Amino acid sequence: MFERQILIPTASEIHASQPLPPSLKKIKEERDALVRDVIAGRSDKLLMIVGPCSAHESAPVLEYVKRLGKLNERVKDKLVLVPRIYTNKPRTRGVGYKGMFSQPDPENKEDILKGIRTIRQLHLHAIGESGLTAADEMLYPENYSYFEDVLSYVAVGARSSENQMHRLVSSGAEVPVGIKNSTSGSIPVLLNSVFAAQQPQVFKYGEWQVGTNGNEYAHAVLRGRVDSYGNDIPNYHYETVMSVLEGYKKSDMLKNPAVVIDANHSNSGKQFHQQVRIVEEVLQNRSYDKSFKKIVKGFMVESFLVEGCQKHNLVFGQSITDACLGWEETERLIYDIAEKA
């Protein structure tokens with residue numbers, strides 16, 4: 001049985017009540033182009049999707065993004081920094097804190113309408129104060145329309161990458177979509193998802209039958225896999241990346257071969273400090289092999305103001321979900337990547 005609780009306005013109504021001003025729209029258009037150029041190989045810059053595991057509170061996220069905006073000015077010749085403002089949190093067992101979209105206050109009950117408004121306000125402030133547009137995860141495809149005008153990158157998670165609706169909505173996104181390998185780690189399945197997102201599609205979205213042109217900037221993200229015993233198995237190594245490259249080459253339909261390395265999750269076994277070592281190894285492989293360098297377009301790194309994590313929202317700027325790098329270590333890592341890019 002479904003109990004109707006709160007009537008949620010349409011995405012168009014929300015956009016009208018909290019519009020993206022023309023000045024910020026111009027920033028977004030410029031940022032979208034930067035990210036697209038990296039994925040398509042028109043730019044040699046590296047993409048950095050970096051920020052907290054989940055955006056559980058506006059104030060620390062805004063402080064983080066403001067710092068990232070200042071750092072971006074120092075490394076923008078080599079890197080394109082895109083803050084993670086991930087507002088939906090997938091739960092392995094389906095219960096618990098599900099992110100700002102559902103719970104704008106993580107200590108209180110669900111209030112989705114307030115969550116939507118809180119997220120839009122956060123994005124508008126973040127763009128205005130940092131000059132950066134953000135990435136989010138498309139956990140629930142039907143929610144994407146509420147934020148499509150403020151995001152420059154979208155991720156499809158490991159549990160979602162085989163889902164048909166995620167693939168279909170990705171085909172209509174106007175920004176690059178990074179599709180993670182499924183938890184099984186299958187490369188053919190990953191590339192099938194990328195292929196589906198790159199093709200024109202017709203499907204029901206909201207109250208409409210819609211058609212898309214396909215998203216040629218949909219691409220692969222390697223995040224590690226989980227074996228049948230629950231063990232984390234990394235897949236950022238040279239051999240796996242070259243296997244993905246070979247899969248791209250075998251297909252005459254896939255466009256813009258690209259891989260982004262997720263340095264956390266099963267690649268690090270959620271040992272957050274290992275992200276630094278993983279990035280360093282990938283950078284070394286980029287310097288070793290031109291083909292590897294050409295296809296690896298960037299990294300995903302989980303980072304916040306304070307390293308580690310906490311169970312309750314007590315420490316300002318510390319994750320309440322997965323543990324993250326702290327700001328100082330993140331800053332050093334970004335400088336290092338810019339130097340070696």
Side-chain angles (χ1 to χ4, degrees), residues 27-52 64-65 68-69 71-86 126-127 130-138 150-157 170 173-181 190 194 197-198 215-223 236 241 244-245 248 255-265 267 275-276 278-283 285-287 292-303 325 330-331 333-341:
I27 292 173
K28 183 186 180 306
E29 290 171 351
E30 293 170 351
R31 295 272 301 163
D32 290 354
L34 286 174
V35 179
R36 289 193 195 102
D37 285 349
V38 171
I39 298 301
R42 295 187 291 267
S43 168
D44 292 331
K45 296 178 183 180
L46 273 176
L47 184 65
M48 283 291 299
I49 312 296
V50 57
Y64 181 94
V65 175
L68 204 64
L71 182 55
N72 183 67
E73 289 301 308
R74 304 186 194 111
V75 300
K76 63 183 181 181
D77 290 341
K78 294 292 188 71
L79 307 179
V80 177
L81 301 186
V82 179
R84 285 174 58 110
I85 301 183
Y86 280 29
I127 300 170
S130 72
L132 302 181
T133 45
D136 198 356
E137 179 175 351
M138 189 197 296
V150 294
L151 297 172
S152 286
Y153 186 93
V154 176
V156 174
S170 295
E174 296 184 5
V175 298
V177 176
I179 301 178
K180 296 189 179 186
N181 62 262
L190 169 60
V194 174
Q198 289 192 356
N215 184 350
E216 65 182 89
Y217 300 101
H219 59 276
V221 178
L222 295 178
R223 53 84 72 198
Y236 61 88
V241 172
V244 176
L245 175 59
Y248 269 109
K255 302 176 182 178
N256 298 320
V259 171
V260 170
I261 302 295
D262 179 349
N264 210 13
H265 298 100
N267 271 332
Q275 295 180 99
V276 177
I278 290 165
V279 169
E280 292 292 344
E281 180 178 324
V282 174
L283 289 172
N285 285 332
R286 289 182 88 246
S287 67
F292 187 100
K293 181 176 182 178
K294 187 175 181 180
I295 196 171
V296 173
K297 306 294 188 179
F299 299 96
M300 293 182 174
V301 171
E302 294 196 340
S303 149
L325 295 176
T330 301
E331 190 174 36
L333 177 61
I334 289 174
Y335 279 131
D336 188 52
I337 296 171
E339 183 180 339
K340 297 175 181 177

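Since this is a predicted model, take the numbers as computed values, not measurements.
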Colleague: For the CD1 atom of Ile27 and the OG1 atom of Thr133, what is their distance to the nearest 0.5 Å?
Modeller: 8.5 Å
Colleague: Run the side-chain contact (heavy atoms from CB on, under 4.5 Å) check on Val175 and Val35 step by step: do they pass?
Modeller: CA-CA 8 Å; Val175 298; Val35 179; over 6 Å; no
Colleague: Side chains of Ser170 and Asn215: any donor to acceptor distance under 3.5 Å?
Modeller: no
Colleague: Taking all atoms of both residues into account, what is the closest heavy-atom pair of Lys180 and Asp262, and its distance?
Modeller: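 In terms of heavy atoms, the two residues are closest at NZ-OD2, 2.9 Å.
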Colleague: Starting at CD of Glu216, measure out to CZ of Arg36 and round the result to the nearest 0.5 Å.
Modeller: 9.0 Å
Colleague: Locate the shortest heavy-atom distance separating Asp32 from Ser152; write the atom from each residue and the value.
Modeller: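 Reported closest heavy-atom pair: OD1-OG, 2.5 Å.
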Colleague: Less than 4.0 Å between a side-chain N and a carboxylate O, is that true for Lys78 and Glu339?
Modeller: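 Salt bridge flag = no for Lys78 with Glu339.
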Colleague: Would you sort out whether Tyr335 and Val75 count as a side-chain contact (heavy atoms from CB on, under 4.5 Å), showing the intermediate values?
Modeller: CA-CA 7 Å; Tyr335 279 131; Val75 300; 4.0 Å; yes
Colleague: Which atom pair, heavy atoms only, marks the closest approach of Lys297 to Ala258?
Modeller: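 The answer is CG-CB, 3.5 Å.
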Colleague: Between Ser287 and Lys293, does the side-chain contact (heavy atoms from CB on, under 4.5 Å) criterion hold? Intermediate values first, please.
Modeller: CA-CA 7 Å; Ser287 67; Lys293 181 176 182 178; over 6 Å; no
Colleague: For a 4.5 angstrom cut-off between non-hydrogen side-chain atoms, does Asp136 reach Ile85?
Modeller: no
Colleague: Any heavy-atom pair between the side chains of Met48 and Val301 that's under 4.5 Å?
Modeller: yes
Colleague: Decide yes or no on side-chain contact (heavy atoms from CB on, under 4.5 Å) for Lys28 and Ile127, but give the supporting numbers first.
Modeller: CA-CA 8 Å; Lys28 183 186 180 306; Ile127 300 170; 5.5 Å; no
Colleague: Do the non-hydrogen side-chain atoms of Ile179 and Leu190 ever get within less than 4.5 Å of each other?
Modeller: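 Yes, side chains in contact.
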Colleague: Closest approach of Val279 and Ala263, non-hydrogen atoms and distance?
Modeller: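 For Val279 and Ala263, the tightest heavy-atom pair comes out as CG2-CB, 4.1 Å.
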Colleague: Closest approach of Tyr86 and Ala155, non-hydrogen atoms and distance?
Modeller: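 Shortest heavy-atom contact: OH-CB, 3.5 Å.
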Colleague: Could you give the distance from CG (Leu325) to CD (Glu302), rounded to the nearest 0.5 Å?
Modeller: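 The distance works out to 9.0 Å.
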Colleague: Nearest 0.5 Å, what's the CD1-CG distance between Ile337 and Leu46?
Modeller: 7.5 Å
Colleague: Can you confirm whether Asp44 is buried at CG, in the sense that more than 12 heavy atoms of other residues, nucleotides or ligands lie under 6.0 Å from that atom?
Modeller: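 No, not enclosed.
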Colleague: Going from CD on Glu29 to CG on Leu34, what distance comes out if it is rounded to the nearest 0.5 angstrom?
Modeller: 12.5 Å
Colleague: Just by distance, with hydrogens left out, do Tyr236 and Arg223 show a side-chain donor and acceptor under 3.5 Å apart?
Modeller: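 Tyr236 vs Arg223: no donor-acceptor pair found between side chains.
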Colleague: Is the backbone of Lys255 close enough, under 3.5 Å, to the side chain of Gln198 for a donor and an acceptor to pair up by distance?
Modeller: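 Confirmed, Gln198 side chain pairs with Lys255 backbone.
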Colleague: Using a strict threshold of under 4.0 Å (side-chain N to carboxylate O), is an ion pair present between Asp37 and Arg42?
Modeller: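 Answer for the salt bridge query: yes.
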Colleague: Between Arg286 (side chain only) and Lys340 (backbone N and O only), is there a donor and an acceptor less than 3.5 Å apart?
Modeller: no
Colleague: Give a yes or no answer on whether the side chain of Lys45 reaches the backbone of Val38 with a donor-acceptor pair at less than 3.5 Å.
Modeller: no
Colleague: With Phe299, which of Leu79, Leu333, Leu283 fulfils side-chain contact (heavy atoms from CB on, under 4.5 Å)?
Modeller: Leu283
Colleague: What is the distance from atom CG of Asn181 to atom CG of Leu222, rounded to the nearest 0.5 Å?
Modeller: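 With rounding to 0.5 Å, CG (Asn181) is 5.5 Å from CG (Leu222).
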Colleague: Is the shortest heavy-atom distance from the side chain of Met300 to the side chain of Asn264 under 4.5 Å?
Modeller: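 Met300 vs Asn264: side chains apart.
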Colleague: Does Glu174, at its CD atom, have more than 12 non-hydrogen atoms belonging to other residues, nucleotides or ligands within less than 6.0 Å?
Modeller: no
Colleague: Side chains of Ile295 and Tyr248, heavy atoms from C-beta outward: is any pair under 4.5 Å?
Modeller: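 Yes. Closest side-chain heavy atoms under 4.5 Å.
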Colleague: Please confirm whether the backbone N or O of Ile49 pairs with a side-chain atom of Arg84, one donor and one acceptor, at under 3.5 Å?
Modeller: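 It does not hold such a pair.
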Colleague: Identify, with sequence neighbours excluded, every residue that meets ring pair (Phe, Tyr, Trp, His ring centres under 6.0 Å) alongside Tyr153.
Modeller: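 Only His219 meet the ring pair (Phe, Tyr, Trp, His ring centres under 6.0 Å) criterion with Tyr153.
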Colleague: Hey, are the side chains of Gln275 and His265 touching, using non-hydrogen atoms and a 4.5 Å cut-off?
Modeller: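 No - every pair of side-chain heavy atoms lies 4.5 Å or more apart.
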Colleague: Evaluate the side-chain proximity of Val82 to Val50: yes if any heavy-atom separation is below 4.5 Å, no if none is.
Modeller: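 A side-chain contact under 4.5 Å is absent here.
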Colleague: For the residue pair Tyr64 and Thr330, establish whether any side-chain heavy-atom pair is separated by less than 4.5 Å.
Modeller: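 Touching, per the 4.5 Å side-chain cut-off.
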